[in-house]
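Data block below; observations after.
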There are 2 protein chains.
Amino acid sequence: MALKHGILGLLNYGDMTGYDLMKIFEKSLHYFWHVKTSQIYLELDNMTKSGLVVFRKEIQESRPNKNIFMITEKGKDELRKWLSHYDMKKSFNMKNEFLMIIFFLNELPKEEALRILEEYKEQCMKEKDSLMDANETVQTFKDIYSVNKKDHIFWQLTVKHGELCYEACLKWADYAIEVIKNKL
Amino acid sequence: MALKHGILGLLNYGDMTGYDLMKIFEKSLHYFWHVKTSQIYLELDNMTKSGLVVFRKEIQESRPNKNIFMITEKGKDELRKWLSHYDMKKSFNMKNEFLMIIFFLNELPKEEALRILEEYKEQCMKEKDSLMDANETVQTFKDIYSVNKKDHIFWQLTVKHGELCYEACLKWADYAIEVIKNKL
DNA sequence: GCATTCATGTAAGCTGTTACATGATTCA
DNA sequence: TGAATCATGTAACAGCTTACATGAATGC
C-alpha cells in the first residue's frame with residue numbers, strides 16, 4: 001500500500017511517467033523505500049483501474065512514447081486519508097535479516113564474526129555517503145517541479161533520519177566488535 | 001528466506017514445535033523479525049519437504065498433539081552456509097512507511113504533523129521498553145535449552161542494537177519537532 | 001465465568017522479486 | 001564502440017498477511 005501512496009505523493013507535485021517516478025524513487029526515497037521498475041508499472045496499472053490516477057499518451061519521435069500520469073481528485077483524497085490516519089505500530093513491523101545473522105553468529109568462529117561486523121560497518125558508511133547524494137538530487141527535483149521550500153524541509157528530515165540511524169549502527173558495530181574481542 | 005534460516009537457527013539449539021518457535025520469535029526475535037503463526041507452519045511444511053528438518057508426532061492427552069521438529073544434517077549445512085555467505089547489501093533494502101509519511105507531510109497542517117511526530121516518539125519509547133522484556137525472556141530460554149554463554153552474548157547484541165537505534169530515532173524526532181515548530 | 005494458553009492448520013489474496021523482452025539515442 | 005539513458009511492459013514465482021476454523025485445559 002505504501003508504494004501506492006508514494007506514487008500519489010509524487011504525482012501530487014506534478015504529472016510524470018513511470019520512468020520519472022522510478023528515478024525519483026531511486027534518488028530521493030531510496031533510503032527508506034527500494035522499488036523495482038516492474039512494480040511501478042504494475043502499480044500504475046492498478047491505480048488507473050481504481051481511478052486514483054489517469055494518463056495521457058505522448059507520442060515522441062526520437063524516444064519511446066510516454067504515458068504521462070496525473071493524480072485525480074479521488075487520488076488526492078486517498079493521499080490525505082493515508083497521511084492523517086496512519087497507524088504508527090505498522091512502522092515497527094521490521095524485518096532485518098542482518099540482525100538474524102547476529103543472533104546466531106556464535107555458530108561461526110570469532111574471526112568470521114569479526115569479518116562480518118567489519119563488512120557491516122563498511123556498508124553503513126557507504127549508505128551514509130549516498131544519503132548526501134540524495135540531498136543533492138532533492139535539490140534538482142525541487143527546480144524541475146515547482147515544489148515549495150516547506151516540502152523541502154520534510155525531504156531533508158528523512159535524510160537526517162538516515163544519518164542519525166546509520167551513526168547509531170556504526171556506534172553499535174564498534175561496541176559489538178569490542179564485546180566479541182573481549183568476551184569470546 | 002530469512003524466516004527459514006531463523007527456524008533452522010532455533011532448532012539448532014534443540015527440538016521444538018511450531019508453537020514453541022512462534023513464542024520464541026515473539027519474545028526474543030520480535031525486535032527485528034515479526035512473524036505470523038500461519039507462516040511458521042507453512043514454512044515448517046516446506047522445510048520438511050526439502051529435507052532441512054524432520055518431525056516426530058507426540059500424542060498428548062490433556063493437550064492437542066504435538067509435531068516436534070528437529071534439524072537435519074542438511075539443515076545444519078544450510079544454516080552455516082547462510083551465516084558465512086551473507087550479502088551485506090541485502091540488509092539495506094529497507095521499507096519504512098513512516099518515513100514515506102514524513103516525506104509528504106507538508107500536505108498536512110502543522111498541528112497534525114506535530115501530532116504524528118509525538119505519536120512516533122511514544123511508539124519508539126514503547127518499543128524500547130519491550131526490548132527489556134526480550135532481555136528477560138532470553139534468560140529463561142537459556143535455562144530451558146542448554147544454550148551456552150557465548151550464544152547469550154550475541155542475543156544481547158541484537159537487543160543493544162535496538163536500544164541504540166531507538167535512541168537515535170527519539171533524538172531525530174525531537175530535532176524534527178523543533179524544525180517544524182521553527183521553520184513552518 | 002471469561003481470558004489466556006496450548007496446538008495445529010487452510011485458503012485467498014496482496015506485495016514484491018526475478019527474469020525476460022525490446023530497441024532507438026546519446027554520450028564518452 | 002560500448003555503456004548509459006529513455007521508456008514500457010509480461011510471466012512466474014516467492015513471501016507474507018488476513019481471515020477463518022477448532023477445542024480442551026488452565027488460571028484469575
Side-chain angles (χ1 to χ4, degrees), chain A residues 1-7 15-27 29-30 32-50 53 55-69 87 89-90 92-97 100 137 140 144, chain B residues 1-7 15-27 29-30 32-50 53 55-69 87 89-90 92-97 100 137 140 144:
Chain A
M1 291 309 233
L3 174 60
K4 183 174 90 178
H5 295 116
I7 290 173
D15 302 347
M16 277 178 242
T17 65
Y19 193 78
D20 293 331
L21 287 164
M22 184 201 76
K23 278 190 302 173
I24 296 169
F25 264 95
E26 255 175 32
K27 287 179 186 165
L29 292 81
H30 188 256
F32 57 88
W33 205 273
H34 286 231
V35 79
K36 309 276 164 177
T37 311
S38 58
Q39 215 203 331
I40 289 204
Y41 289 109
L42 288 169
E43 199 57 52
L44 282 170
D45 207 46
N46 292 336
M47 290 165 76
T48 304
K49 278 171 190 157
S50 56
V53 297
F55 70 96
R56 59 174 191 276
K57 288 238 171 227
E58 194 177 289
I59 312 298
Q60 296 190 121
E61 279 158 31
S62 62
R63 288 281 177 207
N65 295 337
K66 286 176 174 180
N67 299 332
I68 301 170
F69 289 85
D87 177 14
K89 279 170 208 147
K90 276 176 78 182
F92 295 88
N93 203 317
M94 242 191 289
K95 304 230 183 270
N96 186 330
E97 190 170 353
M100 188 95 92
T137 42
T140 54
I144 296 167
Chain B
M1 291 305 235
L3 174 60
K4 183 174 88 180
H5 294 115
I7 291 173
D15 301 347
M16 277 177 241
T17 66
Y19 192 76
D20 293 331
L21 286 165
M22 184 201 77
K23 277 190 305 175
I24 296 168
F25 264 96
E26 256 177 30
K27 287 179 185 164
L29 291 82
H30 188 255
F32 57 88
W33 205 272
H34 286 231
V35 78
K36 308 277 163 176
T37 312
S38 59
Q39 215 203 330
I40 291 206
Y41 290 107
L42 286 169
E43 198 58 51
L44 282 169
D45 207 45
N46 292 335
M47 290 165 75
T48 304
K49 279 173 189 156
S50 55
V53 297
F55 70 96
R56 56 172 195 278
K57 288 239 172 227
E58 194 178 288
I59 312 298
Q60 295 188 123
E61 279 158 31
S62 63
R63 288 281 176 207
N65 295 338
K66 286 177 176 180
N67 298 332
I68 300 169
F69 289 85
D87 177 14
K89 278 170 209 148
K90 276 174 77 181
F92 296 87
N93 203 316
M94 242 189 291
K95 303 233 183 268
N96 187 330
E97 191 170 350
M100 188 96 93
T137 41
T140 53
I144 297 167

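The sequence lines fix the lettering, A, B, ..., with proteins before strands; numbering per chain opens at 1.
A sub-4.0 Å separation between OP1 or OP2 of D/dG15 and a side-chain N or O of B/Asn46 is absent. An OP1 or OP2 oxygen of D/dC6 is reached within less than 4.0 angstrom by no side-chain nitrogen or oxygen of A/Gln60. Between A/Asn67 and D/dG9 there is a side-chain N or O to OP1 or OP2 distance below 4.0 Å.
Two residues are said to be in side-chain contact when any heavy atoms from C-beta on lie closer than 4.5 Å; B/Glu43 and B/Val35 fail this criterion. B/Asn67 places a side-chain heavy atom less than 4.5 Å from the side chain of B/Lys57. Residues B/Ile7 and B/Phe25 meet the side-chain proximity criterion, which asks for heavy atoms closer than 4.5 Å. At least one side-chain heavy atom of B/Ile24 sits under 4.5 Å from a side-chain heavy atom of B/Met16. Proximity of A/Ile40 to A/Thr37: side-chain heavy atoms (C-beta onward) are nowhere separated by under 4.5 Å.
Here NZ of B/Lys90 is found 4.0 Å from CD of A/Glu97. Values are rounded to the nearest 0.5 Å. Rounding to the nearest 0.5 angstrom, the gap separating the CE atom in A/Met22 from the OH atom in A/Tyr41 is 6.5 Å.
Side chains of B/Thr48 and B/Asp45: a donor-acceptor N/O pair is absent below 3.5 angstrom, by distance only.
For the pair A/Lys66 NZ and D/dT8 P, the computed distance is 8 Å after rounding to whole Å. For the pair A/Tyr41 OH and C/dA19 P, the computed distance is 20 Å after rounding to whole Å.
Closest to the B/Tyr19 side chain, of the nucleotides D/dG9, D/dG15, C/dC6, is C/dC6. Taking every side-chain heavy atom of A/Lys95 into account, D/dT17 is the closest of D/dT17, C/dG16, D/dC6.
DNA chain C is contacted by both B/Phe69 and B/Lys23; B/Lys23 maps to the nucleotide lying nearer its 5′ end (nearest heavy atom per residue). Each of B/Val35 and A/Gly18 has a nearest nucleotide on DNA chain D; the 5'-most of these lies closest to A/Gly18.
The bend of the helix from C/dG1-D/dC28 to C/dA28-D/dT1, defined by the angle between the axes of its first five and last five pairs, stands at 60° to the nearest 10°.
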For nucleotides 18-28 of chain D, 5' to 3', base contacts (B), sugar-phosphate-only contacts (S) and non-contacts (-) with protein non-hydrogen atoms under 4.0 Å give BB---BBSS--
Apply the test side-chain contact (heavy atoms from CB on, under 4.5 Å) to residues B/Asn46 and B/Lys4: give CA-CA distance (whole Å), side-chain angles for both, the deciding distance (0.1 Å), then the verdict. CA-CA 9 Å; B/Asn46 292 335; B/Lys4 183 174 88 180; over 6 Å; no
